[in-house]
Amino acid sequence: MQVVCCLFMAVGCHTGNCIHGSRSRQFEHSPDPEIKMSTFCSLSFSLSFGIQDDHRLSTSELERKYGTSISEGLSSAKAAEILVRDGPNLLTPPKATPEIVKFLKQMIGGFSILLWIGVVFSWISFGIQLAQGAESPFDNLYLGVVLALVVILTGIFAYYQEAKSTNIMASFSKMIPQQALVIRDGEKKELPADQLVVGDVVEIKGGDKIPADIRLIFAQGCKVDNSSLTGESEPQSRSCDFTHENPLETRNIAFYSTTCVEGTATGIVINTGDRTIIGRIASLTSGVGNEKTPIAIEIEHFVYLVAGVAVSIGVLFFIISVSMRYKILDSIIFLIGIIVANVPEGLLATVTVSLSLTAKRMAKKNCLVKNLEAVETLGSTSIICSDKTGTLTQNRMTVAHLWFDNQIYSADTSEDQTTQPFDQSSPSWTALSKIVTLCNRAEFRPGQENLPIMKRVVVGDASETALLKFAEVILGDVMNIRAQKKKVAEIPFNSTNKFQLSIHETDDPNDKRFLLVMKGAPERILERCSTIMINGKEEPLDSEKAEAFQTAYMELGGMGERVLGFCHLYLPENEFPDTYLFDTDSMNFPTSNLCFVGLLSMIDPPRSTVPDAVSKCRSAGIKVIMVTGDHPITAKAIAKSVGIISATSETVEDIAKRLNIPVEQVNRREATAAVVNGMELKDMSSQQLDEILCNHSEIVFARTSPQQKLIIVEGCQRQGAVVAVTGDGVNDSPALKKADIGIAMGIAGSDAAKNAADMVLLDDNFASIVTGVEEGRLIFDNLKKTIAYTLTKNIAELCPFLIYIITSIPLPIGTITILFIDLGTDIIPSVALAYEKAESDIMNRRPRNKRKDRLVNEQLAVYSYLQIGALASFVTYFTVYAEQGFLPSTLLGVRVNWENNAINDFEDSYGQEWTKYQRTYLQWTGYTAFFVSITIQQVADLIIRKTRRNSIFQQGHNTIRQYFLLNSVWNRLIQFIHSSPSARFQYWFVAVPFAILIWVYDEVRKLFIRRYPGSK
Amino acid sequence: MATLNEKKTCSERMENFRRFVWNPETKLFMGRTLINWVWISLYYLAFYVVMSGLFALSIYCLMRTVNPYEPDYQDQLKSPGVTLRPDVYGDRGLQIYYNVSDNKTWEGLVTTLQTFLTAYTPAAQHLNINCTSDTYFFQDAFDGPNKTKLSCKFTSDMLQNCSGITDPTFGFPEGNPCFIIKMNRVSTSSREACSLLYKQGDEPRLLEVDYYPVNGTFNLHYFPYYGKKSQPSYSNPLVAVKFLNITRNVEHRIVCKVIGAGITFDNVHDPYEGKVEFKFKIED
């Protein structure tokens, strides 16, 4: 319902007629949830409202409205007044959950609930027993206390872990306090940006971050990068003209947090802090609900399962004990005892420790996990909606291809290029390289000589930067070359000419000619040429050569690359002597009949690690969808080069082109790939979107708006997929929040995105996600092992109690001893299981189906609960008692007398008489022996749980060593606590044959599983 | 996730559950086909039969290896326990309170003693032999009937004034009650003659008592004990204590220690090891 509604609203937004301030206000404050749901879609309604007028007002009206003066600015007094009224110009950080709430959340989620129930029950039991005057009620009290401690300590640990990642996050957002150049009291002042108020007059220049929403009143060559707000990757030019009704589209408003790329501007602050556009988007994010992580769902499921088993067994034995004529109160204590015994005390700690260990490991691999549970989510991801720019690509233009001498050459586009491999012997290349070098205004910032060329900072736009670096790599010191060929005149690029031109002296003292170099849009450049250079010789540009040019141009353009044409002309010495004065306004030099030299095409190339990562995703059954604001052709080209669209697959359009039929006639099912334009998307119903998502395995969404990103995520989630979304801009944050796992970029990402995300990629690299997926899957597998391990032992611990009730033998193992196993000897091996290496197929199987592949399925539970009993422990138990004087036959039914304090001459099988204390002492020895044999069996259990399919011989066994070591330590401790004589050493060996048996049995079982996979 | 988290109504849940129990399309009963269930049940049946067999085998082996005459170890029976008759337990151990003038308060105690001593009538002891030597009664061979060993007779008349024969009320109405001290049987333990020490309050003080048999000793010929199988008719030797001149209406805390080789009474945890502690009060 929600989704459909939202989509329609979004469609509504885009079809225009939406500037209704009053209506949007209604939306913002409406308590009606239906309307609230659509708040996000009505983004542009509500956003329009606050600045609706300002872009239409004239300068003087603005001055009046804000009580300011363009020349004088606000007075300090007035500014201070407004500052008090409006508050500082800061985005309120998303309503941080109070630390105490975060802490308490750790205490009551998932497993903790189970343990708390255990605590309550033990204390109830303690109360009953105390009232009854039973002999040792304190066991239950201690049990309760220990359980509570476990929950609290684990909670603290998990809280600490998350706090730590939050701190790392915080360190990112701590940027240098932003400064703004403000006119106040008629003076220009540098002020911290958070001191800005509405009405302030600010000056901005290229490189500045816009300090607030400002209405421009003066601009010169000003361009802003709105990508963090709208996702448009091209810088937008800004002027003081009112160009559009929609304040988001008009040119005379610059938005908070965007960057001024070049030029200068002056403007009046019209919105500050949370009232800015970006502030509103950021606050919208909190409206998107937080979904439960898959692992949380799994753990819930597990808790239900354990609770179900516990209650069933408890009730069953309650009935049995009542019908065996136990007292009702005793039966209730048994019931509680059974329920508490079912609680896997150590599991909470194990799971938390395992998750945080993995989180730590991932942090080393540049994935910072904000929420521990998100570690696993990545593993179950089935769709990744990835951004293009910066994540898949290097986020910088690079020269990819060259065309000269009628031939296309490819250039190296990798991140760390130091040379270019293509053939550079042709004299045409020499000519071309001169143009590339000279007709270029970009410059390296000084003082970076030691840096690799690709890492140097350049002042200039993206294409010029690309050309500069390209030239620097091939020719060496470009700045020096330029210095030798002095520039005498220059016409910078502008949108009317679509070319850039400069005139230089040559460095050859004998050659007094001037060299005119020009670059620009290829078709425009070609128009101005009459000759073309082939192998260094000028040849007339006939139609055949023009055809060749067209083909090359189309080919490069078809690869999504930005193509530039280059031409030159040596000005004749007689007409242009070295004293000639060039005038760029009147253009007193030829700009036609030039010599065409070549084409260069540029692209933001994919990161070199990405294709491999995408193919890994693919083999792991994860669908990678590209969602970008970029042009479809570029998007498709990048998608192809990184493998999101594989080499063999075709889109509907490709098929149409190949078969030479109209697009409508193509069977849409034949096309595996799809490139969906944002324009098409906005006219689609959700069914159509679902259809696309279902039918095509390779999808690229191009020209999408941020809102559409959210719709795409929802569409994927409708398919039942676990969706990971990457993003960096503020506009991405709702989608990041909506996704099952939001992944923000650590370097390029905005704070809002990082706040909304569950995970932060510290290196912005898509390949890191794959590592994350692997770790996530591994932790799921390993948790499965851990749980199987724990459950198996659980039944071995529960059995004695059940048998105690039914056959009235002395209690084989005490509560405290069980705690020693669960929280002592078994913690390390459980955690060690979480360290298990991946089984080889981990990245070659499909992501788990979250409805079918559960953490704990019935089979695992049945297997754990039924198959490996407490057999060996009971044999050990009977051995101990028999060798000390009580043969098994004597033991049956002795419970009442055995536990009677008033019987101090209790007779055993040999006629010996025992005092109560001596019996209790024997019972404790029994505990120790039982404990020892459980731990021995756990070794076997550990071995068999290490792998799910593979034989142990295919895996290592260092965990087992640790287990032995730890065991003996704990064993000493438990004896010390009970002050019992050590269980005789031979009792250690009673369980060994059984342990071996368990292992052999399981190896055989695994053999069958390997032989006959798929059967139950 | 939207679909997964949809709140299911109760009827849907029931329907889902019903479908889980019997799915008519796939013919799955509780997630398995019937034939599959049969197989899995058979498997587990066989599994448990094997497991039980294993368990039985283990217990059988165990029974074969344990010594039928004497237990293999006596880790917990280093020193025998001592018990008292009559044995009335209060919240904190033995408490024997009675009122001389109210015979209801002591009749139960007397009955306990009488019942206890029925095992020591000459008839009950007829299988045992009379022993006269004052040394350990070691037996290596099985001299008794049915491959058993002999046991020495202990009859209640050896307790003289506390035998219940001369005084069926064991001195309770007079305020000079008899108590019987019994030492637990512990296999293969050699014990020495014992005397009893009494203690009141924190300062140990011997009370004015009569012991039966004289000196309050367990005669050595009752030891060692060779176990139930060897000495089926063995009965523990007893010592009776008759209190004389007991201050009335005062609670006496009394410790009765057995002193002898191999008997320790300093285990703080066990009030009945090598000694017996009790509270005692006679009211008017």
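Only heavy atoms go into these numbers, but all of them, side chains included; no hydrogens, no water, no symmetry mates. Order of the sequence lines fixes the chain letters, A, B, ..., with proteins taken first and strands second; residue numbering starts at 1 for each chain.
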Handout entry: Close side-chain approach of A:F878 to B:F55, heavy-atom, < 4.5 Å
Key = yes
Practice task
Check whether any side-chain heavy atom of A:N900 lies under 4.5 Å from a side-chain heavy atom of B:Y89, and answer yes or no.
Solution key: no
Problem - Closest non-hydrogen atom pair between B:M63 and A:P888, with its separation - result: SD-CD, 3.7 Å
Exercise for the section: Would you check if B:D75 and A:T925 make a side-chain contact, meaning some heavy-atom pair closer than 4.5 Å? Expected result: no
Practice task
Can you tell which part of A:S889 gets under 4.5 Å to a heavy atom of chain B, answering side chain, backbone, both or neither?
Solution key: neither
Handout entry: Heavy-atom contact with chain B under 4.5 Å, split by part of A:L887
Key = side chain
Practice task
Name all residues meeting the side chain to side chain contact (heavy atoms under 4.5 Å, CB included) criterion together with B:S58; count only those two or more places apart in sequence or in a different chain, and write none if there are none.
Solution key: A:V875, A:F994
Handout entry: Any side-chain heavy-atom pair of A:W914 and B:Q76 under 4.5 Å
Key = yes
Practice task
Determine, step by step, whether B:N236 and A:E913 satisfy the side chain to side chain contact (heavy atoms under 4.5 Å, CB included) criterion, reporting the C-alpha distance in whole Å, the side-chain angles of both residues, the deciding distance to 0.1 Å, and the verdict.
Solution key: CA-CA 10 Å; B:N236 305 30; A:E913 289 167 322; 2.9 Å; yes
Handout entry: Pair A:Q918, B:D270: side-chain N/O donor-acceptor within cut-off below 3.5 Å
Key = no
Problem - chain A contact via B:Y234 - side chain, backbone, both or neither, heavy atoms under 4.5 Å - result: neither
Handout entry: Side chain proximity check, A:Y881 to B:L62, heavy atoms < 4.5 angstrom
Key = no
Handout entry: Proximity breakdown for B:P271 and chain A, heavy-atom pairs closer than 4.5 Å
Key = neither
Handout entry: Nearest-0.5 Å distance, OH of residue A:Y910 to CG of residue B:D72
Key = 6.0 Å
Practice task
Write down the atom of A:E883, the atom of B:V66, and the distance for their closest heavy-atom approach.
Solution key: CG-CG1, 4.2 Å
Completion exercise
Scored by heavy-atom pairs under 4.5 Å with chain B, the best of A:A902, A:C716, A:G885 is A:A902
Practice task
Using a cut-off of under 4.5 Å on heavy-atom pairs, state which of B:E273, B:K229, B:K182 scores highest against chain A.
Solution key: B:K182
Practice task
Would you check if the side chain of B:N184 reaches a backbone N or O of A:N904 as a donor-acceptor pair within less than 3.5 Å?
Solution key: yes
Handout entry: Nearest-0.5 Å distance, CG of residue B:L77 to OG1 of residue A:T915
Key = 8.0 Å
Handout entry: Over 12 foreign heavy atoms within 6.0 Å of CZ, B:F142
Key = yes
Handout entry: Between CG on residue A:D905 and CZ on residue B:R185, distance to nearest 0.5 Å
Key = 8.5 Å
Practice task
Flag the pair B:H269 / A:T920 as yes when at least one side-chain heavy-atom distance between them is below 4.5 Å, and no otherwise.
Solution key: no
